[in-house]
Trainee: 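Pasting a structure here, questions to come.
Order of the sequence lines sets the chain letters (A, B, ...), proteins ahead of strands, with each chain counted from 1.
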Number of protein chains: 2
Amino acid sequence: MTKPDDFDLQAFLPYLLNQAAEEASLGFQQIYKDRYGLLRSEWRVLFHLGIFGRLTATEIGAKGKVHKTKVSRAVQRLADRRLVKRARSEDDRRVEWLELTPVGEKVYRDLREVAQEYESSLQVKLSDDEMRVLKAMLLKLAGRL
Amino acid sequence: MTKPDDFDLQAFLPYLLNQAAEEASLGFQQIYKDRYGLLRSEWRVLFHLGIFGRLTATEIGAKGKVHKTKVSRAVQRLADRRLVKRARSEDDRRVEWLELTPVGEKVYRDLREVAQEYESSLQVKLSDDEMRVLKAMLLKLAGRL
DNA sequence: GCTTGTTAGTTACAAAAACAACTATTACCA
DNA sequence: TGGTAATAGTTGTTTTTGTAACTAACAAGC
């Protein structure tokens with residue numbers, strides 16, 4: 001009574017994207033987890049602060065499409081480990097300015113290095129041109145253009 | 001003391017892929033969740049059975065790169081809702097053959113329809129050619145070639 | 001046949017994510 | 001003003017996931 005079917009799951013974009021994303025994330029995840037015990041939400045916050053300097057939690061959430069509770073908890077853990085410094089804003093006391101501590105900077109720079117190497121290692125599977133095109137299309141899909 | 005930096009997070013492949021994958025999954029997720037209360041692992045199992053007919057849990061895990069505990073739990077919930085029928089194998093009594101019930105078939109066919117429509121809606125953002133190239137590259141990255 | 005190793009699948013527990021409700025502060029406006 | 005709504009961020013609770021240990025059945029070598 002079973003009717004096999006020719007729907008191509010591998011070609012279904014949400015499925016395929018997830019598989020590719022998982023595969024591509026795995027190696028890098030291993031590094032920030034093993035080396036610094038960071039979670040995904042934590043390295044994201046770390047990178048945002050490393051790149052943009054001083055931000056509020058809300059700004060990080062907006063830039064990275066991360067929910068505020070995730071940012072809040074990530075910041076909490078990063079602050080506990082003295083990777084991030086928090087300071088209440090004078091103007092608006094609901095707001096907290098976040099920035100990396102010197103140690104946080106070091107961790108960021110190390111991971112940025114790793115990220116760049118990792119990126120190169122992924123490029124092995126694709127030509128430069130392919131990579132450029134791929135990213136352009138992913139940006140479109142991500143609604144970031 | 002904060003040093004802004006020009007590392008391009010949007011262009012970091014694992015990050016970008018995740019964003020695109022999340023964005024691309026969202027709409028479809030909404031449907032199988034709202035309409036049938038399914039989880040991601042559940043629709044995946046459902047689709048595998050819909051496409052391939054009769055499979056064991058291990059086979060589904062291998063085809064979809066899903067861990068056996070996830071498959072196990074997905075199957076359990078699908079069986080509870082009578083979408084999947086389980087039958088101990090005669091040859092090897094560790095093995096359980098899984099297939100869709102008639103109701104499961106209906107749900108599968110409905111969601112397959114939705115998936116196809118959804119896929120088309122994503123194509124609006126990209127040309128046919130772009131889509132073809134994109135998928136080819138994602139397959140490479142996913143290590144499926 | 002016994003012992004050892006493997007495989008299919010489940011279960012238990014810990015880690016992480018999702019969602020909703022909450023506090024504190026500021027903005028709006030009649 | 002004073003009252004209502006909006007915003008920043010946190011906390012609590014429930015779902016899901018991840019990991020490891022487990023049971024049951026089979027396989028292989030001696």
Side-chain angles (χ1 to χ4, degrees), chain A residues 18-19 21-23 25-30 32-34 36-46 48-49 54-81 84-99, chain B residues 18-19 21-23 25-26 29-30 32-34 36-46 48-49 54-81 84-99:
Chain A
N18 266 309
Q19 300 250 309
E22 237 168 77
E23 183 68 27
S25 299
L26 213 69
F28 186 58
Q29 177 174 16
Q30 219 47 52
Y32 62 68
K33 192 176 165 190
D34 288 356
Y36 298 110
L38 295 177
L39 304 177
R40 199 156 54 119
S41 54
E42 287 162 15
W43 84 254
R44 285 197 181 184
V45 166
L46 192 85
H48 275 98
L49 292 175
R54 207 178 58 147
L55 295 172
T56 71
T58 302
E59 287 170 337
I60 295 174
K63 281 180 194 294
K65 292 194 177 172
V66 193
H67 195 267
K68 60 182 180 173
T69 63
K70 253 198 235 175
V71 176
S72 172
R73 284 178 163 127
V75 167
Q76 221 157 7
R77 291 194 41 173
L78 290 170
D80 286 350
R81 303 173 183 203
V84 163
K85 195 182 68 182
R86 359 171 53 159
R88 245 335 126 201
S89 159
E90 297 291 325
D91 308 346
D92 182 341
R93 287 193 337 217
R94 291 171 300 184
V95 171
E96 229 178 20
W97 287 107
L98 306 168
E99 53 186 325
Chain B
N18 266 309
Q19 300 251 307
E22 237 168 77
E23 184 67 28
S25 300
L26 213 69
Q29 177 174 16
Q30 219 47 51
Y32 62 68
K33 192 177 164 190
D34 288 358
Y36 298 109
L38 295 177
L39 303 178
R40 200 154 53 119
S41 55
E42 287 162 16
W43 84 255
R44 287 195 181 184
V45 166
L46 191 87
H48 274 99
L49 292 174
R54 207 177 59 147
L55 295 173
T56 69
T58 302
E59 286 170 338
I60 295 175
K63 282 181 193 294
K65 291 194 178 173
V66 193
H67 195 267
K68 59 183 182 175
T69 62
K70 252 199 234 176
V71 177
S72 172
R73 289 198 254 246
V75 168
Q76 220 158 7
R77 291 193 41 173
L78 290 170
D80 287 349
R81 301 173 183 205
V84 163
K85 195 181 68 183
R86 358 171 54 160
R88 257 313 138 210
S89 159
E90 297 291 327
D91 308 346
D92 182 341
R93 287 190 339 213
R94 290 169 302 181
V95 171
E96 230 178 17
W97 287 108
L98 306 169
E99 54 186 325

Trainee: Hey, where on DNA chain D does chain B first and last touch, going 5' to 3'? Cut-off is any atom under 4.0 Å from a heavy atom.
Mentor: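 Reading along DNA chain D, I get D:dT16 to D:dC26.
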
Trainee: Got a sec, which residues hit side chain to side chain donor-acceptor pair (under 3.5 Å) with B:Arg77, two or more places apart in sequence or on another chain?
Mentor: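 Partners of B:Arg77 under the side chain to side chain donor-acceptor pair (under 3.5 Å) test: B:Glu42.
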
Trainee: Show me the protein contacts with nucleotides 24-26 of chain C, counting only N or O atoms at under 3.5 Å.
Mentor:
from	atom 1	to	atom 2	distance (Å)
C:dT25	O2	A:Arg94	NH1	3.2
C:dT26	OP1	A:Arg93	N	3.0

Trainee: With sequence neighbours left out, write down each residue that passes side chain to side chain contact (heavy atoms under 4.5 Å, CB included) with B:Glu59, or none if nothing qualifies.
Mentor: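 Checked B:Glu59 against side chain to side chain contact (heavy atoms under 4.5 Å, CB included); matches are B:Leu55, B:Thr56, B:Trp97.
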
Trainee: Taking salt bridge (charged side-chain N to carboxylate O under 4.0 Å, His left out) as the test, write out the residues that go with B:Arg81, two or more places apart.
Mentor: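 Counting only residues at least two positions away or on another chain, B:Arg81 forms no salt bridge (charged side-chain N to carboxylate O under 4.0 Å, His left out).
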
Trainee: Run the salt bridge (charged side-chain N to carboxylate O under 4.0 Å, His left out) test against A:Arg73 and tell me which residues pass, sequence neighbours left out.
Mentor: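 For A:Arg73, no residue satisfies salt bridge (charged side-chain N to carboxylate O under 4.0 Å, His left out) once neighbours in sequence are set aside.
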
Trainee: With rounding to the nearest 0.5 angstrom, report the CD to CG distance, B:Glu22 to A:Asn18.
Mentor: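 These two atoms lie 8.5 Å from each other.
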
Trainee: Does A:Lys85 have any salt bridge (charged side-chain N to carboxylate O under 4.0 Å, His left out) partners at least two apart in sequence or in another chain, and if so, which?
Mentor: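 A:Lys85 satisfies salt bridge (charged side-chain N to carboxylate O under 4.0 Å, His left out) with A:Glu99 once adjacent residues are dropped.
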
Trainee: Could you tell me the separation between the CH2 atom of B:Trp97 and the C1' atom of C:dG9, rounded to a whole number of Å?
Mentor: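 Those two atoms, CH2 and C1', are 14 Å apart.
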
Trainee: Only counting residues at least two apart or in another chain, list the ones meeting side chain to side chain donor-acceptor pair (under 3.5 Å) with A:Ser72.
Mentor: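 Scan of A:Ser72 (side chain to side chain donor-acceptor pair (under 3.5 Å), adjacent residues dropped) gives none.
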
Trainee: Going by the rule side chain to side chain donor-acceptor pair (under 3.5 Å), which residues pair with A:Ser89 if we only count those two or more places apart in sequence or in a different chain?
Mentor: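 Once residues adjacent in sequence are excluded, A:Ser89 has no partner under the side chain to side chain donor-acceptor pair (under 3.5 Å) criterion.
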
Trainee: Using the test side chain to side chain donor-acceptor pair (under 3.5 Å), find all partners of B:Arg88 that sit at least two apart in sequence or belong to another chain.
Mentor: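 Residues passing side chain to side chain donor-acceptor pair (under 3.5 Å) with B:Arg88: none at all.
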
Trainee: Among all residues two or more places apart in sequence or in another chain, which pass the side chain to side chain contact (heavy atoms under 4.5 Å, CB included) test with A:Gln29?
Mentor: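 So A:Gln29 forms a side chain to side chain contact (heavy atoms under 4.5 Å, CB included) with A:Leu26, A:Tyr32.
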
Trainee: Answer with base, sugar-phosphate or nothing: what part of the nucleic acid does B:Arg86 contact at a heavy-atom distance below 4.0 Å?
Mentor: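 Result for B:Arg86 = sugar-phosphate.
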
Trainee: With heavy atoms under 4.0 Å as the rule, sort B:Arg77 into base, sugar-phosphate or nothing.
Mentor: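 Answer is sugar-phosphate: B:Arg77 comes under 4.0 Å of backbone atoms only.
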
Trainee: Could you write nucleotides 17-23 of chain C as a row of B, S and -, 5' to 3', where a protein heavy atom under 4.0 Å of any base atom gives B, of only sugar-phosphate atoms gives S, and otherwise -?
Mentor: SBBB---

